[in-house]
Student: 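Structure below; questions to follow.
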Amino acid sequence: MSKTYTFHAGEATVLAADGQFTDAMPEILIGRTDGPVGAAFANMMAQSKGHTAMFAIRACNQMVRPATITVPKVTLKDSANIDLFGGVVQAATADAVIDCVIEGIIPKDVANELCIVSLVWIDPRCAKDPNLDKKDMYRTNYEATKLAIRRALNNEPSIDELIANRHTIKHDMDDWS
């Protein structure tokens, strides 16, 4: 793990329970506030059009450290999806970040010097699903965020792993090769 924390990227996918549309696929950038990730973080705060960004908070007046901004990967067009983003997903992201500090994945002594940009997926079908399980949505986003942070800070997958599995692992959506 780099001690400079200039720029670390990670992603993870955690699948939903059967019958749910609550798959989580965060894409994470972690870096120093005075580096390129900090600049991206500040620029996202100034963005006024497109995908609305929010700080990850555990509750009002409880913004997590490292400061974390969540940004949806799709445009949220209705209040039901915005409520899921600013509720379940925001809480799961915030809890995952602070638990990463508690567990030492993110060193506590640099928590105030780092920031995180988290791009999150909300399937547009979630808000319309009468059987939506918000606990499953929390679970998938929490687990995936922790895994993405761990992978980012450990530079996973390694370049050797990527080279070794280049011809054996295919994209999940289809095989175009």
Student: Show the nearest heavy-atom pair for residues Gly10 and Ala152, with the distance to one decimal.
Tutor: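 Heavy atoms of Gly10 and Ala152 come nearest at N-CB, 3.5 Å.
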Student: Asp95: which residues meet the side-chain contact (heavy atoms from CB on, under 4.5 Å) condition with it, sequence neighbours left out?
Tutor: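 Per chain and number, Asp95 pairs via side-chain contact (heavy atoms from CB on, under 4.5 Å) with Arg58, Tyr138, Tyr142.
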Student: Taking side chain as C-beta onward, heavy atoms only, is Met137 less than 4.5 Å from Leu84?
Tutor: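 Yes, their side chains come closer than 4.5 Å.
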Student: In chain order, what residues pass the side chain to side chain donor-acceptor pair (under 3.5 Å) check against Thr68, with sequence neighbours excluded?
Tutor: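 If we apply the side chain to side chain donor-acceptor pair (under 3.5 Å) test to Thr68, skipping adjacent residues, there are no hits.
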Student: Is it true that Glu156 and Arg150 make a salt bridge, defined as a side-chain N closer than 4.0 Å to a carboxylate O?
Tutor: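 Looking at Glu156 and Arg150, the cut-off is not met.
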Student: Walk me through whether Val89 and Thr70 qualify under side chain to side chain contact (heavy atoms under 4.5 Å, CB included).
Tutor: CA-CA 9 Å; Val89 174; Thr70 56; 5.7 Å; no
Student: List the atom of Asp129, the atom of Gly19, and the distance in Å for their closest heavy-atom pair.
Tutor: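 The answer is OD2-O, 4.0 Å.
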Student: Return the CG to CZ distance between Asp123 and Arg125, rounded to the nearest 0.5 Å.
Tutor: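 Output value for this atom pair is 4.0 Å.
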Student: What's the shortest heavy-atom distance between Phe85 and Val120, and which atoms?
Tutor: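 So the minimum-distance heavy-atom pair works out to CE1-CG2, 3.5 Å.
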Student: For Asn81, does its backbone N or O pair with a side-chain atom of Asp78 as donor and acceptor, under 3.5 Å?
Tutor: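 Checking the backbone N and O of Asn81 against the side chain of Asp78, a donor-acceptor pair under 3.5 Å is found.
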Student: Within this structure, what is the CG-CG distance for the pair Asp23 and Leu15, rounded to the nearest 0.5 Å?
Tutor: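 Result: 5.0 Å between the selected atoms.
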Student: Applying side chain to side chain donor-acceptor pair (under 3.5 Å), can you list everything that pairs with Glu143, at least two apart in sequence or on another chain?
Tutor: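 Side chain to side chain donor-acceptor pair (under 3.5 Å) check on Glu143 returns Arg139.
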Student: How far does CG of Asp133 sit from CD of Gln20, to the nearest 0.5 angstrom?
Tutor: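 Those atoms lie 5.0 Å apart.
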Student: Going by heavy atoms in the side chains, are Cys115 and Ile69 under 4.5 Å from each other?
Tutor: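 Heavy-atom side-chain distance check fails, nothing below 4.5 Å.
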Student: Starting from Phe21, can I reach Trp121 by hopping between I/L/V/M/F/W/Y residues whose side chains sit under 4.5 Å apart?
Tutor: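 No, it is not one cluster - the side chains of Trp121 and Phe21 are not joined through contacts under 4.5 Å.
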Student: With side chains defined as the heavy atoms from C-beta onward, is the minimum distance between Arg65 and Met63 less than 4.5 Å?
Tutor: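 Side-chain contact under 4.5 Å: yes.
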Student: Could you list the residues that satisfy side-chain contact (heavy atoms from CB on, under 4.5 Å) with Leu29, not counting sequence neighbours?
Tutor: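 With neighbours one apart ignored, the set is Phe7, Ala9, Val37, Val117.
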Student: Would you say that Ile106 contacts Leu114 through its side chain, given a criterion of any heavy-atom pair below 4.5 Å between the two side chains?
Tutor: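 A side-chain contact exists here, since the closest heavy-atom pair is under 4.5 Å.
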Student: Same cluster or not: are Val14 and Ile105 linked, directly or through other Ile, Leu, Val, Met, Phe, Trp or Tyr residues, by side-chain heavy atoms under 4.5 angstrom apart?
Tutor: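 Looking at the clustering, Ile105 is in a separate group from Val14.
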Student: When clusters are formed by joining ILVMFWY residues with side-chain heavy atoms under 4.5 Å apart, either directly or through shared neighbours, do Leu119 and Leu147 land in the same one?
Tutor: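 Result: no, two separate clusters.
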Student: Side chains of Pro66 and Asn112: does their closest heavy-atom pair fall under 4.5 Å?
Tutor: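 No, too far: nothing below the 4.5 Å cut-off.
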Student: Can you tell if the side chain of Ile116 reaches within under 4.5 Å of the side chain of Ile149, non-hydrogen atoms only?
Tutor: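 Yes, side chains in contact.
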Student: Could you pull out all residues at least two apart from Glu113 that satisfy salt bridge (charged side-chain N to carboxylate O under 4.0 Å, His left out)?
Tutor: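 For Glu113, the residues satisfying salt bridge (charged side-chain N to carboxylate O under 4.0 Å, His left out) (neighbours in sequence not counted) are Arg32.
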Student: Give the minimum heavy-atom separation between Ala144 and Pro26, together with the two atoms involved.
Tutor: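 Smallest interatomic distance, heavy atoms only, reads CB-CD, 3.3 Å.
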Student: Measure the spacing between CD1 of Ile98 and OG1 of Thr93 and express it to the nearest 0.5 Å.
Tutor: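 One finds 13.5 Å between CD1 of Ile98 and OG1 of Thr93.
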Student: Does Met25 offer a backbone N or O that forms a donor-acceptor pair with the side chain of Lys73 under 3.5 Å?
Tutor: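 Flag set: sc Lys73 to bb Met25 pair under 3.5 Å.
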Student: Do you reckon Val74 sits in the same ILVMFWY cluster as Val88, going by side-chain contacts under 4.5 Å, direct or chained?
Tutor: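 Same cluster: Val74 reaches Val88 through Ile, Leu, Val, Met, Phe, Trp or Tyr contacts under 4.5 Å.
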Student: What are the two closest non-hydrogen atoms of Val71 and Ala53, and how far apart are they?
Tutor: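 That closest heavy-atom pairing would be CG2-CB, 3.8 Å.
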Student: Taking Thr168's backbone N and O only, do any of them form a donor-acceptor pair with Asn165's side chain (distance below 3.5 Å, no angle check)?
Tutor: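 No, Asn165 side chain to Thr168 backbone: no donor-acceptor pair under 3.5 Å.
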Student: Is the closest side-chain heavy-atom distance between Arg151 and Glu11 below 4.5 Å?
Tutor: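 Side chain of Arg151 against side chain of Glu11, heavy atoms only: contact under 4.5 Å found.
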Student: Which is it for Tyr5 and Leu153 under the side chain to side chain contact (heavy atoms under 4.5 Å, CB included) test, yes or no, and what are the steps along the way?
Tutor: CA-CA 8 Å; Tyr5 301 102; Leu153 292 177; 4.1 Å; yes
Student: Give, for atom OG1 of Thr145 and atom CD1 of Ile28, the distance between the pair rounded to the nearest 0.5 Å.
Tutor: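 Rounded to the nearest 0.5 Å, the OG1-CD1 separation comes to 5.5 Å.
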Student: If you look at every heavy atom in Pro157 and Leu162, which pair is closest and at what distance?
Tutor: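 For Pro157 versus Leu162, the nearest heavy atoms are CG-CD2, 3.6 Å.
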Student: Roughly how far, to the nearest 0.5 Å, is CD of Gln90 from CG of Asp83?
Tutor: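 Rounded to the nearest 0.5 Å, the CG-CD separation comes to 11.0 Å.
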Student: Checking Asp109 now: which residues fulfil side chain to side chain donor-acceptor pair (under 3.5 Å) with it, not counting sequence neighbours?
Tutor: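 Listed in chain order: nothing, the list is empty.
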